[in-house]
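Right, one structure below, let's go through it.
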Amino acid sequence: MTSSTKDLDGGWGWAIVAASFVAQLLAYGSPQSVGVLYPEWLHAFQEGKGMTAWVGSLVAGVGLIASPICSACVDNFGARPVTFFSGVMVAGGLMLSAFAPNIPFLMFSYGIVVGLGCGLVYSATLTITCQYFEKRRGLALGIVTTGTSIGAFIYATAQNELIVFFGLDGCLLIIGAVALNLMACAGFMRPLNMPGYYLKQKAALERHTEERLFCKLPLNELNITTGSAVTTTEKTPTVKELLITIDVKDLAIQIEKKKEGPFAGVAITKFIKEKQKAYSEYIHSMCEILQDQVMVAFCIGIFLFSLGAFPPVLFIEDVAQSEGLIEEVSVFPLVSIGAIATGVGKLVLGILVDIKWINCVYLYAFTMFAGGIALLLIPITKTYLGLQILSAVMGFFSGNWSITSYITTHIVGLEKLSQAHGILMFFGGFGIMLGPPVVGWFFDCTQSYDLAFFFSGSCVLLGACILLLLSLPCWKKKPADIDRPDIQYTCTCDKVASVS
């Protein structure tokens with residue numbers, strides 16, 4: 001089952017977009033509006049803010065850090081079964097959280113289980129969308145990824161009302177039941193390309209047939225080419241293709257094993273060495289990526305931005321209540337305002353990055369600088385209206401996540417996009433996991449959010465300065481070899497399951 005031109009950019013593809021949009025809304029609605037649940041957990045478990053903050057940081061960071069694993073699952077099993085299984089994980093984790101006796105249990109049920117489920121949904125929805133679209137892929141991905149922002153807006157208000165009527169436990173049970181609709185979304189994700197797992201099953205069946213029909217023929221007469229099960233090509237495979245295709249060598253080895261008898265161990269040893277060589281080349285390729293000065297600066301910038309910019313999503317409601325600016329969560333919480341602004345920011349920044357005379361790296365540095373200034377203004381803001389404005393500003397510039405894959409392509413090129421983006425997401429996820437606990441510990445020590453947000457804003461500004469300074473042209477020994485990436489870079493999206 002292979003994709004054809006007539007299947008792309010329309011038809012059932014729009015059903016895929018709708019299903020993927022709803023899937024991201026259902027999966028990320030609660031994690032993206034976890035700031036509404038945070039004050040309730042503080043009151044229910046009477047733990048420190050730093051300890052409680054681990055729940056929100058884990059659910060946001062685990063999915064990013066585990067993105068290579070999530071991508072491998074989608075590549076091997078396909079988007080439909082992965083989305084179905086993620087529905088079980090997200091719904092199960094939310095329902096299990098309703099019975100949490102303490103924060104460590106909540107860190108596992110809500111932070112890790114729900115976080116991994118969200119990571120699987122994100123990888124599956126982006127992969128299947130990229131498979132169904134080519135010319136309109138950017139538009140389709142833009143629609144799908146706004147599901148997280150719309151979900152955060154809806155769930156922030158919905159969770160607030162559910163807590164009022166049913167309590168915290170009832171709220172988690174209800175949103176967990178709603179998350180079961182992820183399995184219905186999976187039903188729409190009809191694959192265009194056969195996943196790796198089914199290809200291996202097909203290869204095993206063909207191997208069994210080959211052995212039965214041609215077991216008496218010499219191995220060289222079977223016309224089996226190492227590195228490809230069907231055809232031979234003169235093109236030198238990339239590192240990623242080598243890792244994918246090297247398992248097909250098992251076909252030749254299994255036949256050779258029966259032919260050699262006691263010498264089968266030699267073939268197995270050779271197979272292991274070849275596989276080790278492929279993985280060593282993969283590691284070497286990743287090391288080459290980290291030798292690029294601009295890429296290292298981008299990784300540091302992403303880490304510092306995530307470390308400082310994510311805590312407001314979790315703490316902004318508690319900041320308003322701690323300062324006495326509002327007695328309880330508003331009908332339209334600050335988290336909802338930030339979520340809508342993030343959706344707008346994704347669209348606007350996506351348009352700006354397509355303008356030829358705008359440097360995408362400098363644009364990202366500007367968004368970090370503006371976000372850092374907004375963070376520094378939070379401690380000195382003494383009105384609820386001021387916090388609403390700052391939430392909108394922070395949300396808008398947090399939409400810079402939508403252009404990370406574009407910037408990565410600009411820095412390392414198309415061939416290394418998948419590996420480089422995985423490295424970038426690891427740094428981002430690590431920063432998101434550390435940010436809220438650090439801010440919470442600052443409050444536990446000082447009983448004030450002032451120093452915490454001064455620290456967060458300083459981290460973001462530091463990241464902006466590092467990215468800006470290390471990407472200046474004066475550091476380059478020769479003119480850049482990579483020009484502005486053409487819009488066709490989206491054609492590799494099916495190889496990158498995790499993009500922003």
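Contact record, Ala91 with Leu180: CB-CD2, 3.4 Å, taken as the closest heavy-atom pair. For Met394 against Leu375, the heavy-atom pair with the smallest separation is SD-CG, 3.8 Å. Of all heavy-atom pairs spanning Val460 and Ala309, the tightest one is CG2-N, 3.9 Å. Taking both residues in full, the closest heavy atoms of Cys118 and Ala27 are given as SG-O, 3.2 Å, listed atom of the first, atom of the second, then distance. Nearest heavy atoms, Leu304 versus Ile466: CD1-CD1, 4.2 Å. Closest approach of Thr129 to Ser20, counting heavy atoms only: OG1-OG, 3.6 Å.
The backbone N or O of Leu470 lies less than 3.5 Å from a partner atom in the side chain of Gln293, making a donor-acceptor pair.
By the ring-ring contact (aromatic ring centres under 6.0 Å, His included) test, Phe369 pairs with no residue at all, sequence neighbours left out. Considering only residues two or more places apart in sequence or on other chains, Gln159 meets the side chain to side chain contact (heavy atoms under 4.5 Å, CB included) condition with Ser30, Ser33, Val36, Leu37, Tyr155, Cys171, Ile175. Applying the ring-ring contact (aromatic ring centres under 6.0 Å, His included) test to Phe455 and every residue at least two apart in sequence or in another chain returns Phe442. With sequence neighbours excluded, no residue satisfies ring-ring contact (aromatic ring centres under 6.0 Å, His included) with Phe310. Not counting sequence neighbours, the partners of Tyr28 by the ring-ring contact (aromatic ring centres under 6.0 Å, His included) test are Tyr122.
Sorted by first and then second residue, the salt bridge (Lys or Arg N to Asp or Glu O under 4.0 Å) pairs involving residues 43-60 (not counting sequence neighbours) are Lys49-Asp318. The list of side chain to side chain donor-acceptor pair (under 3.5 Å) pairs with a residue in residues 85-107, not counting sequence neighbours, reads Ser97-Ser109. Pairs of residues two or more places apart, or lying in two chains, never qualify as salt bridge (Lys or Arg N to Asp or Glu O under 4.0 Å) while including a residue from residues 435-445. Among pairs with a residue in residues 362-374, those fulfilling side chain to side chain donor-acceptor pair (under 3.5 Å) read Thr367-Asn400, at least two apart in sequence or across chains. Within the structure, side chain to side chain donor-acceptor pair (under 3.5 Å) contacts touching residues 294-311 (residues at least two apart or in different chains) do not occur. Note on residues 452-466: no pairs pass side chain to side chain donor-acceptor pair (under 3.5 Å), not counting sequence neighbours.
Looking at Phe396 and Thr342, their side chains never come closer than 4.5 Å, going by heavy atoms from C-beta outward. The side-chain heavy atoms of Ile128 and Arg80, taken from C-beta on, include no pair separated by under 4.5 Å. At a threshold of 4.5 Å between non-hydrogen side-chain atoms, the residues Leu182 and Val121 count as touching. Here the side chains of Leu376 and Phe453 are not in contact, with every heavy-atom distance at 4.5 Å or above. Looking at heavy atoms from C-beta onward, Val361 lies out of side-chain contact with Phe298 at the 4.5 angstrom threshold. In this structure, Gln32 and Ser149 have side chains that are not in contact, with every pair of non-hydrogen atoms separated by 4.5 Å or more. Contact check for Leu334 versus Gln388: side-chain heavy atoms found under the 4.5 Å cut-off.
Separation of atoms CG (Leu106) and CG (Leu172) is listed at 7.5 Å; rounding is to 0.5 Å. Note that CE of Met51 and CH2 of Trp41 are 13.0 Å apart. Values are rounded to the nearest 0.5 Å. For the atom pair CD1 (Ile337) and CD1 (Ile316), the distance works out to 9.5 Å, reported to the nearest 0.5 Å. Summarising the geometry, atom CG belonging to Leu307 is positioned 12.5 Å from atom CD1 belonging to Ile302; distances are rounded to the nearest 0.5 Å. Note that CD1 of Ile150 and CD1 of Ile340 are 4.5 Å apart. Values are rounded to the nearest 0.5 Å. For the atom pair CG (Leu25) and CD1 (Ile154), the distance works out to 5.0 Å, reported to the nearest 0.5 Å.
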Identify each donor-acceptor pair in which a side-chain atom of residues 431-439 lies under 3.5 Å from a protein atom, sequence neighbours left out, and give them as a table.
none

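The number of heavy-atom neighbours closer than 6.0 Å to CZ of Phe443, taken from other residues, nucleotides and ligands shown, is above 12. The 12-atom threshold is exceeded at CZ of Phe45, counting heavy atoms of other residues, nucleotides or ligands nearer than 6.0 Å. Applying the 6.0 Å contact sphere to CG of Leu451 captures more than 12 heavy atoms from other residues, nucleotides or ligands.
A parallel orientation is assigned to the rings of Phe430 and Phe426, their planes being inclined by less than 30° (bins at 30° and 60°).
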Start with the C-alpha gap between Cys459 and Phe303, add the side-chain angles, then the distance that decides, and say whether side chain to side chain contact (heavy atoms under 4.5 Å, CB included) holds.
CA-CA 9 Å; Cys459 286; Phe303 170 75; over 6 Å; no

Would you sort out whether Ser123 and Val82 count as a side chain to side chain contact (heavy atoms under 4.5 Å, CB included), showing the intermediate values?
CA-CA 9 Å; Ser123 297; Val82 168; over 6 Å; no

Let me see the working for Val22 and Asn181 under side chain to side chain contact (heavy atoms under 4.5 Å, CB included), right down to the final yes or no.
CA-CA 9 Å; Val22 175; Asn181 287 287; over 6 Å; no

Go through the steps to decide whether Phe105 and Phe99 satisfy the test side chain to side chain contact (heavy atoms under 4.5 Å, CB included), and finish with yes or no.
CA-CA 9 Å; Phe105 186 92; Phe99 305 97; 5.6 Å; no

